[in-house]
Enquirer: 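Let me give you the structure first, and then I'll get to my questions.
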Amino acid sequence: MLSEGKTAIAIPGASNYRKEFAEYLDGHIILMYPDKDKAGERLFDAIADSLRSTLYRRELPVGFKDYADFHIANYKAK
């Protein structure tokens, strides 16, 4: 996402997310592209449960597991 000029954060792994992280995320509008696996779903749910901020879910196109795969495919296409 940073390569596309977007402000971004990464949470490396659903098992690493702790509710204490919400204090850094609260007060922001969050657009999240969860990975298309069970861990990505768990992470989205954990963030949604711990935030008071506005959280919007974005879906990756069919065939892409995560945002990095999507970005690489689009970068190569240009």
Side-chain angles (χ1 to χ4, degrees):
M1 294 187 139
L2 293 172
S3 298
E4 295 178 6
K6 297 176 181 172
T7 302
I9 62 163
I11 299 173
S15 60
N16 293 326
Y17 182 78
R18 294 189 309 269
K19 288 187 178 189
E20 300 89 66
F21 295 167
E23 70 182 81
Y24 301 105
L25 301 174
D26 262 337
H28 299 280
I29 295 172
I30 311 282
L31 304 175
M32 184 174 173
Y33 291 83
D35 289 357
K36 290 190 174 184
D37 56 20
K38 289 180 182 180
E41 293 299 322
R42 282 194 312 270
L43 178 58
F44 182 85
D45 291 342
I47 291 173
D49 288 344
S50 65
L51 286 181
R52 293 181 303 263
S53 297
T54 305
L55 175 65
Y56 294 98
R57 182 188 184 103
R58 296 292 188 253
E59 294 295 332
L60 295 165
V62 173
F64 296 100
K65 180 192 173 293
D66 58 33
Y67 199 86
D69 289 346
F70 174 69
H71 174 71
I72 290 167
N74 284 324
Y75 179 76
K76 288 180 180 179
K78 292 180 181 182

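Fair warning: this is a prediction, and the values are worked out from it, not measured in the lab.
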Enquirer: Rounded to the nearest 0.5 Å, what separates atom CD1 in I47 from atom CD1 in I30?
Expert: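 Output value for this atom pair is 8.0 Å.
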
Enquirer: Filter on side-chain hydrogen bond (donor to acceptor under 3.5 Å, both in side chains), then keep only pairs touching residues 23-33, sequence neighbours left out; what's left?
Expert: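 side-chain hydrogen bond (donor to acceptor under 3.5 Å, both in side chains) check on residues 23-33 returns D26-R52, D26-S53.
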
Enquirer: Mind checking salt bridge (charged side-chain N to carboxylate O under 4.0 Å, His left out) for K36 and listing every partner two or more places apart, or none if nothing turns up?
Expert: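 If we apply the salt bridge (charged side-chain N to carboxylate O under 4.0 Å, His left out) test to K36, skipping adjacent residues, there are no hits.
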
Enquirer: Restricting to pairs with a member in residues 9-20, which pass salt bridge (charged side-chain N to carboxylate O under 4.0 Å, His left out), not counting sequence neighbours?
Expert: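 Output for this query lists R18-E20.
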
Enquirer: Donor-acceptor pairs under 3.5 Å, side chain of residues 6-16 to any protein atom, not counting sequence neighbours: which ones?
Expert:
unit_1: K6; atom_1: NZ; unit_2: E4; atom_2: OE1; d: 3.2
unit_1: K6; atom_1: NZ; unit_2: Y67; atom_2: OH; d: 3.2
unit_1: N16; atom_1: ND2; unit_2: P12; atom_2: O; d: 2.4

Enquirer: A68: which residues meet the side chain to side chain contact (heavy atoms under 4.5 Å, CB included) condition with it, sequence neighbours left out?
Expert: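 In terms of side chain to side chain contact (heavy atoms under 4.5 Å, CB included), with neighbours along the sequence ignored, A68 is linked to D66.
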
Enquirer: Can you list everything that forms a side chain to side chain donor-acceptor pair (under 3.5 Å) with R42? Sequence neighbours excluded, please.
Expert: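 Checked R42 against side chain to side chain donor-acceptor pair (under 3.5 Å); zero matches.
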
Enquirer: Of the non-hydrogen atoms in S50 and Y17, which two are nearest, and what is the gap between them?
Expert: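 In this case the closest contact between S50 and Y17 is OG-OH, 2.6 Å.
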
Enquirer: Work out which heavy atom in R58 is nearest to a heavy atom in P34; give both atom names and the distance.
Expert: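 Looking at all heavy atoms of both residues, the shortest contact is O-CD, 3.5 Å.
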
Enquirer: Can you tell me how far the CZ atom of R57 sits from the CG atom of L31, to the nearest 0.5 Å?
Expert: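 Going from CZ on R57 over to CG on L31, the span is 13.0 Å.
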
